[in-house]
Asker: 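Provided herewith is a single structure, encoded as structure tokens, for subsequent inquiry.
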There are 2 protein chains.
Amino acid sequence: MTRSPVLPSAPLPPPGDAERPIVTVDIVLLTILDGRLQAGLTQREREPAAGAWTLPGGWVHTDEDQDADDAAVRILRDKAGLESPYLEQLRTFSGKHRDSRGWSLSIAYYAMVPGHICERDNLRFRWAPIDAARSLPFDHAEILRTAVERVRSKTLYSSLPVHLMPETFTLSQLQLTYEHLLEMALDKRSFRRRIEELNVIEEIDGAFTTGAGHRPAQLYRRRPHAARLATSSSNLPVA
Amino acid sequence: MTRSPVLPSAPLPPPGDAERPIVTVDIVLLTILDGRLQAGLTQREREPAAGAWTLPGGWVHTDEDQDADDAAVRILRDKAGLESPYLEQLRTFSGKHRDSRGWSLSIAYYAMVPGHICERDNLRFRWAPIDAARSLPFDHAEILRTAVERVRSKTLYSSLPVHLMPETFTLSQLQLTYEHLLEMALDKRSFRRRIEELNVIEEIDGAFTTGAGHRPAQLYRRRPHAARLATSSSNLPVA
DNA sequence: CAAATAGTGTCTTTAAGACACTATAGT
DNA sequence: ACTATAGTGTCTTAAAGACACTATTTG
């Protein structure tokens with residue numbers, strides 16, 4: 001192939017800084033609370049939309065963040081007091097009109113934590129049932145909807161919801177979590193078969209629930225290899 | 001919840017332009033050629049890596065692109081002469097070290113076209129078998145690997161590969177395309193059952209292949225609703 | 001009619017769902 | 001002994017795979 005006689009409308013030097021998009025990271029933080037899927041929201045401190053509750057987010061700090069994953073971890077630490085939640089990139093939302101300050105771009109993530117975490121009350125933070133969060137500012141409602149859709153569809157064939165569980169849990173508790181996520185009842189036998197095949201949790205030898213008025217249940221924990229920061233390929237059905 | 005006495009390390013005004021990341025779009029353009037999965041590459045015109053073959057990409061033009069999808073469409077038009085290929089966002093790659101010019105961010109897409117398209121030879125463009133493209137500059141090899149992985153895994157449960165087919169095609173040709181993608185043989189009966197259930201292609205009434213030394217084959221086409229620009233949720237298994 | 005590929009019938013194997021049954025704690 | 005939930009056995013149903021068989025063209 002020879003040199004092109006006419007150059008395609010190819011990039012010349014990097015665009016002037018003024019034309020560079022605004023780059024942020026936004027996070028859909030999910031948990032199960034009161035038997036419902038809830039999203040973590042923070043209250044904005046300044047314009048635009050000062051005072052409004054939004055998805056936790058922030059600028060990418062090119063001086064301190066190695067990459068966008070890093071920025072997401074930092075933001076969750078600062079805004080929700082979380083140390084190592086399960087975190088995975090969702091997708092990037094961009095455009096001229098999604099933010100009044102100009103052409104902007106948000107690398108969106110979703111994160112999952114067990115219920116009853118995030119109780120630092122010096123934070124402007126609260127949980128909201130996902131149905132009550134339909135009217136978030138910017139395009140945050142769309143980001144939330146996309147994340148919930150992604151999490152629900154992964155729930156159908158993967159072990160993603162184990163990241164909503166506490167350190168130790170029973171199979172019945174895990175099944176309840178799946179049922180709250182999917183908003184449908186699951187068959188106990190099929191559920192247990194599926195989870196066992198996925199091979200992501202393990203029995204804790206000799207550890208059982210006590211004190212309930214019925215037969216004690218085996219306690220389980222996540223297998224250690226279940227990473228907290230996932231690449232998008234890690235929970236696919238096996239080929 | 002009351003106002004926080006100590007502000008979290010929250011964003012102050014937007015970072016100065018100099019600290020904004022460099023934002024590009026890169027595209028993994030795929031086709032089947034010579035019975036193998038191949039990627040479309042363009043030759044870089046300037047530093048860094050001038051002369052090297054890379055994934056087609058370019059700056060986001062905040063003045064003319066409505067959003068990142070728009071930028072991807074423009075880049076494919078300019079660099080590969082394509083008008084409406086199937087296009088879907090893959091994920092965003094970012095970091096301090098992926099480009100020598102500084103903290104950069106690439107919104108990666110994958111695109112799929114029928115073979116024997118893109119034959120404008122005033123373009124610095126060529127096809128390369130994906131195995132021969134392991135040593136692309138920047139992190140383009142990783143982006144390519146991620147895209148191929150995504151496409152292969154979607155092939156297992158979706159109709160994605162119909163976008164690699166020409167206007168009209170036979171079921172045997174479609175099966176061959178799946179087999180080239182997955183690098184495995186598929187059972188004819190199961191394949192036809194699956195495709196029929198997906199409901200994405202339709203018989204062309206009375207149109208058959210001719211001239212081959214054997215029984216003619218029914219010709220098919222994509223059903224019109226099969227969008228060329230997909231959101232990530234559109235090809236999921238049904239709930 | 002021989003060769004080659006298109007397309008179908010149907011049996012086998014595997015996975016998913018339904019659902020009853022047994023197990024074991026607390027009261 | 002009764003209740004409530006944990007956990008298992010097993011039959012039924014649906015999906016996937018294997019593979020032989022029929023169909024229809026060209027030469």
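Residue numbering restarts at 1 for every chain, and letters A, B, ... go by the order of the sequence lines.
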Asker: Atom OH of B:Y178 and atom P of D:dA16: how far apart are they, to the nearest Å?
Answerer: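 That distance rounds to 13 Å.
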Asker: Check whether any side-chain heavy atom of B:Q89 lies under 4.5 Å from a side-chain heavy atom of B:I107, and answer yes or no.
Answerer: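 Result yes, sub-4.5 Å side-chain heavy-atom pair found.
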Asker: Can you sort out which residues in residues 208-217 of chain B have a heavy atom within less than 4.0 Å of DNA chain D? Ascending by number, please.
Answerer: B:A212, B:G213, B:H214, B:R215, B:P216
Asker: With rounding to the nearest 0.5 angstrom, report the CG to CZ distance, B:L171 to B:F191.
Answerer: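 Output value for this atom pair is 7.0 Å.
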Asker: Without decimals, in angstroms, what is the distance between B:K188 NZ and D:dA16 C1'?
Answerer: 17 Å
Asker: Applying salt bridge (Lys or Arg N to Asp or Glu O under 4.0 Å), can you list everything that pairs with A:E183, at least two apart in sequence or on another chain?
Answerer: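 Result, salt bridge (Lys or Arg N to Asp or Glu O under 4.0 Å) vs A:E183: A:R152.
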Asker: Rounded off to whole Å, could you give me the CD-to-P distance for the B:E196 and C:dG9 pair?
Answerer: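 Between P of C:dG9 and CD of B:E196: 12 Å.
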Asker: Give a yes/no on whether any side-chain N or O of B:S172 is located under 4.0 angstrom from OP1 or OP2 of C:dA6.
Answerer: yes
Asker: Rounding to an integer number of Å, can you tell me how far A:Q175 CD sits from D:dT5 P?
Answerer: 13 Å
Asker: Anything under 30° is parallel, anything over 60° is perpendicular, the rest tilted; go ahead and classify B:F138 against B:H140.
Answerer: tilted
Asker: Rounded to whole Å, please give me the gap between CG in B:L156 and P in D:dG17.
Answerer: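 Whole-Å distance recorded here is 10 Å.
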Asker: For A:E202 and A:R221, run salt bridge (charged side-chain N to carboxylate O under 4.0 Å, His left out): C-alpha distance rounded to whole Å, both residues' side-chain angles, the deciding distance at 0.1 Å, then the answer.
Answerer: CA-CA 6 Å; A:E202 60 190 9; A:R221 64 176 154 235; 3.0 Å; yes
Asker: Does B:A111 offer a backbone N or O that forms a donor-acceptor pair with the side chain of B:E88 under 3.5 Å?
Answerer: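 Checking the backbone N and O of B:A111 against the side chain of B:E88, no donor-acceptor pair under 3.5 Å is found.
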Asker: Rounded to whole angstroms, how far apart are CG on B:L176 and P on C:dT5?
Answerer: 11 Å
Asker: Could you tell me the separation between the CD atom of B:Q218 and the C1' atom of D:dT24, rounded to a whole number of Å?
Answerer: 14 Å
Asker: Quick check with a 6.0 Å cut-off and a 45 degree axis cone: is A:R91 positioned over the face of A:F93's six-membered ring?
Answerer: yes
Asker: Would the number of heavy atoms belonging to other residues, nucleotides or ligands and lying under 6.0 Å from CG of B:D205 be above 12?
Answerer: no
Asker: Calculate the interatomic distance between B:I204 atom CD1 and C:dA6 atom C1'; express it in whole Å.
Answerer: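 That distance rounds to 16 Å.
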Asker: For A:Y220 and A:Q218, which I'm curious about, is there any donor-acceptor pair between the side chains at under 3.5 Å?
Answerer: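 The answer is no; no qualifying pair exists.
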Asker: Write out a two-atom table: protein N or O, nucleotide N or O from nucleotides 15-18 of chain C, distance below 3.5 Å.
Answerer:
unit_1 : atom_1 : unit_2 : atom_2 : d
C:dG17 : N7     : A:R193 : NH2    : 2.6
C:dA18 : N7     : A:D187 : OD2    : 3.4

